[in-house]
Amino acid sequence: MSSSKTNPTSSFLAPDTLMRVKQLELRAKMVVEGFMSGLHRSPYHGFSVEFTDYRQYSPGDDLRYLDWKLLARRDREYIKRFEDETNLRCYLLFDLSRSMGFGSLEYSKFEYARTMAASLAWFFNRQRDAVGLMTFAESVEALVPPRYRSGHLRRLMLTLETSTTGKSTDLGRPLEQIAQTVSKRSMVILISDLLTPIDNLKQKLGYLRARGHDVVLMRILDPAEINFDFSNASMFHDLETGQQLYVDPATVAADYKKRFEDHAESVASICQSSGIDYFLVRTDEPVEQGLINLVQNRAEKSGGQQIRQQNSAVAIAQSGGPA
């Protein structure tokens, strides 16, 4: 499980300001621009391309990647080779269940979550990655295969304009469909409030991991769901079942918080044991922060590999160049 990291920057928009922008595509563009600005000010500069080793220079090679220090030291011309991961395939799994329609702020979890999904799509598209989308509730509602081509991003945005349609959340079906249809190794980002029984969650997510997919879980929650800071007795409406129940918060708060914390700990434990990156995203936090956390987490995970690559490069330089 990844821990939350704070990297405040003046370029981040307050969520309530961002949600006033009506056009989802413009909203996503604003988020990514703020995110890129914040990322460039941090020690992390992305995770799409990583240095691997050297090869002999050939006429026509891009001189930007020539190791000038090695040339000056050994009079040898070598090009840094990179592991190009810009052909990443990413699936965004987006929860349309009615519980996502809850919001104690000026906007709902659904509005925040689809802004997050749109921003991720915009970011991956900007990196020339193939990004797709699956929306689901009790069953899969729509599936847009990963692509990187003209007009594809617009199609994703139009699909995300769909309103919450389902009642309850069934994670089993979309996860099974992804596992059955996706043969190439992909990144799978699940965006949901996870307000659903998680009895078989470990099995379903574990199956994706076993097939080599990189799984990320972004749990979207309203601060009122986390804190349960209601004070007045009132009628509570279950968005998924339609049931109405008169509740006195003073009498149920302790039990609610215990159940909520147990559920949250179970989700975190499942992710940790399955090697899944888990992020708790509050809807009162800037959307950009979620993207920053994701990239920082990726950079840290690849840190060990990068250190080994740097040590290899040093050894090559000291020996006078690759054999």
Practice task
Determine the minimum heavy-atom distance between Asp284 and Tyr107, stating which atoms define it.
Solution key: CA-OH, 4.0 Å
Exercise for the section: Quick one: do Val215 and Leu190 satisfy side-chain contact (heavy atoms from CB on, under 4.5 Å)? Show the steps, please. Expected result: CA-CA 8 Å; Val215 183; Leu190 174 60; 5.7 Å; no
Exercise for the section: Check whether any side-chain N or O of Ser274 sits under 3.5 Å from a backbone N or O of Cys271 as a donor-acceptor pair, and report yes or no. Expected result: no
Exercise for the section: Evaluate the side-chain proximity of Met19 to Glu106: yes if any heavy-atom separation is below 4.5 Å, no if none is. Expected result: no
Practice task
Kindly say whether Ser99 contributes a backbone atom to a donor-acceptor pair with the side chain of Lys109 at under 3.5 angstrom?
Solution key: yes
Exercise for the section: Specify whether Phe110 and Phe94 have parallel, tilted or perpendicular ring planes, treating 30° as the upper limit for parallel and 60° as the lower limit for perpendicular. Expected result: tilted
Exercise for the section: State, with a plain yes or no, whether a side-chain heavy atom of Tyr91 is found less than 4.5 Å away from one of Met134. Expected result: no
Problem - Any side-chain heavy-atom pair of Phe136 and Leu175 under 4.5 Å - result: no
Practice task
Evaluate the side-chain proximity of Leu143 to Gln177: yes if any heavy-atom separation is below 4.5 Å, no if none is.
Solution key: yes
Problem - Non-hydrogen atoms of Thr283 and Pro223 that approach each other most closely - result: OG1-CD, 3.3 Å
Completion exercise
Value for NZ (Lys204) from NZ (Lys202), rounded to nearest 0.5 Å, stands at 15.0 Å
Problem - Same apolar cluster: Leu93 and Ile198, side chain cutoff 4.5 Å - result: yes
Practice task
Check whether any side-chain N or O of Tyr112 sits under 3.5 Å from a backbone N or O of Leu221 as a donor-acceptor pair, and report yes or no.
Solution key: no
Exercise for the section: Could you give me the CA-CA distance, side-chain angles and deciding distance for Arg89 and Phe124, then say whether side-chain contact (heavy atoms from CB on, under 4.5 Å) is met? Expected result: CA-CA 9 Å; Arg89 295 166 59 87; Phe124 285 120; over 6 Å; no
Practice task
Only one of Glu161, Glu288, Glu111 passes salt bridge (charged side-chain N to carboxylate O under 4.0 Å, His left out) with Arg27; say which it is.
Solution key: Glu111
Handout entry: Check: Val131 main-chain N/O paired with His152 side-chain donor or acceptor under 3.5 Å
Key = yes
Practice task
Please answer: with hydrophobic residues joined when any side-chain heavy atoms are less than 4.5 Å apart, are Met116 and Met36 in the same cluster?
Solution key: yes
Problem - Side chains of Met30 and Val21 in contact at under 4.5 Å (non-hydrogen atoms) - result: yes
Handout entry: Derivation and outcome, side-chain contact (heavy atoms from CB on, under 4.5 Å), residues Leu280 and Val267
Key = CA-CA 10 Å; Leu280 172 59; Val267 171; over 6 Å; no
Exercise for the section: Establish, yes or no, whether the cationic atom of Arg209 lies under 6.0 Å from the six-membered ring centre of Tyr278 and within 45° of the ring axis. Expected result: no
Practice task
Establish whether Leu26 and Leu120 are linked, either directly or via other cluster members, by ILVMFWY side-chain heavy-atom contacts under 4.5 Å.
Solution key: yes
Handout entry: Side-chain donor/acceptor of Asp193 to backbone N/O of Leu195, under 3.5 Å
Key = yes
Exercise for the section: Could you grab the distance from atom CD1 of Ile292 to atom CG of Asn297, nearest 0.5 Å is fine? Expected result: 12.5 Å
Practice task
Could you walk me through whether Phe260 and Phe228 pass the ring-ring contact (aromatic ring centres under 6.0 Å, His included) test, one step at a time?
Solution key: CA-CA 10 Å; Phe260 185 88; Phe228 199 76; 9.5 Å; no
Handout entry: 4.5 Å side-chain heavy-atom contact, Val188 and Leu205
Key = no
Problem - Sidechain-backbone polar pair: Asn125 side chain, Ala121 backbone, donor-acceptor under 3.5 Å - result: no
Problem - Transitive ILVMFWY side-chain link Val182 to Tyr148, under 4.5 Å - result: no
Completion exercise
Distance col, row Gln272:CD vs Ile270:CD1, nearest 0.5 angstrom, shows 11.5 Å
Handout entry: Rounded distance [0.5 Å steps], NZ in Lys257 versus CG in Asp255
Key = 12.0 Å
Problem - Donor-acceptor pair, side chain of Gln203 and main chain of Asn200, under 3.5 angstrom - result: no
Fill in the blank from the handout: Interatomic distance, CZ@Arg114 vs CG@Leu24, rounded to 0.5 Å, equals 5.5 Å
Problem - Nearest heavy atoms of His213 and Ser186, plus distance in Å - result: ND1-N, 3.2 Å
Handout entry: Arg211, CZ: over 12 other non-hydrogen atoms inside 6.0 angstrom
Key = yes
Handout entry: From CA spacing to verdict: side-chain contact (heavy atoms from CB on, under 4.5 Å), Leu13, Glu33
Key = CA-CA 11 Å; Leu13 289 171; Glu33 287 178 350; over 6 Å; no
Practice task
Measure the shortest side-chain to side-chain distance between Tyr207 and Glu176 over non-hydrogen atoms and say whether it is less than 4.5 angstrom.
Solution key: no
Fill in the blank from the handout: Residues Gly132 and Leu156: closest non-hydrogen pair is C-CD2, 4.2 Å
Exercise for the section: List the steps, then state whether salt bridge (charged side-chain N to carboxylate O under 4.0 Å, His left out) holds for Glu138 with Arg173. Expected result: CA-CA 8 Å; Glu138 300 102 321; Arg173 292 184 184 181; over 6 Å; no
Exercise for the section: Looking only at non-hydrogen atoms, find the nearest pair between Ser119 and Val32 and report the distance. Expected result: O-CG2, 3.4 Å
Exercise for the section: Could you tell me the separation between the CG atom of Asp222 and the CZ atom of Phe102, rounded to the nearest 0.5 Å? Expected result: 4.5 Å
Completion exercise
Scanning both residues in full, the closest heavy-atom pair of Asp95 with Ser192 reads OD2-OG, 2.8 Å
Practice task
Decide whether Val140 and Leu217 are clustered together by the hydrophobic rule: side chain heavy atoms of Ile, Leu, Val, Met, Phe, Trp, Tyr closer than 4.5 Å, transitively.
Solution key: yes
Problem - Val31 and Trp122, any side-chain heavy atoms less than 4.5 Å apart - result: no
